[in-house]
Amino acid sequence: NGMVSLPKNVGLASDREFMVGGYTKVRFPANDLARQRGIEFERMWVKVALGDSLNGMGVLDNQPGFSDFKLGQIVKFEEDEDGFPRFKA
């Protein structure tokens, strides 16, 4: 299904490549069902509207598979302690 599970503080070598062209891959918290399966977060494309690829606001451009977010939802994100963009409630 193209899904990969990574430990919380680990990124892919290609992560920085996902931060170009007005898009970024943001980490979103997984829903309860996914957490029961050991999935802590889901990385999804966001079209950046304000800010930059690490801190800002944009439109979710993925159909979530492991979280309760919605395609087209406006979301905020900020750089986390590991240097990746993460959903900001």
Can you name the nearest heavy-atom pair linking P29 to S67, along with the distance?
-> O-CB, 3.3 Å
May I ask whether V26 and F41 are part of the same hydrophobic cluster, defined by side-chain heavy atoms of I, L, V, M, F, W, Y residues being less than 4.5 angstrom apart, directly or through others?
-> no
Starting at CG of N62, measure out to NZ of K47 and round the result to the nearest 0.5 Å.
-> 14.0 Å
Students should find that the hydrophobic cluster of I74, defined by side-chain heavy atoms under 4.5 Å apart, otherwise consists of L50, M57, V59
Find the distance between OG1 (T24) and CG (D52) and round it off to the nearest 0.5 Å.
-> 8.5 Å
Who are the salt bridge (Lys or Arg N to Asp or Glu O under 4.0 Å) partners of K76, not counting sequence neighbours?
-> none
Measure the CZ-CD distance between R27 and E42 for me, rounded to the nearest 0.5 Å.
-> 13.0 Å
Does K88 make a cation-pi contact with F77, if we ask for NZ or CZ under 6.0 Å from the ring centre and within 45° of the axis?
-> no
Joint cluster assignment, F84 & F87, ILVMFWY side-chain distance < 4.5 Å = no
Same apolar cluster (I L V M F W Y, side chains within < 4.5 Å links), F66/V75 | no
Write down the atom of L60, the atom of M44, and the distance for their closest heavy-atom approach.
-> CD1-CB, 3.7 Å
Nearest heavy-atom neighbours spanning D80 and R86 | OD2-NH2, 2.7 Å
Can you see which heavy atom on L54 is nearest to which on G83, and at what distance?
-> CD2-O, 3.6 Å
Decide whether V46 and F69 are clustered together by the hydrophobic rule: side chain heavy atoms of Ile, Leu, Val, Met, Phe, Trp, Tyr closer than 4.5 Å, transitively.
-> yes
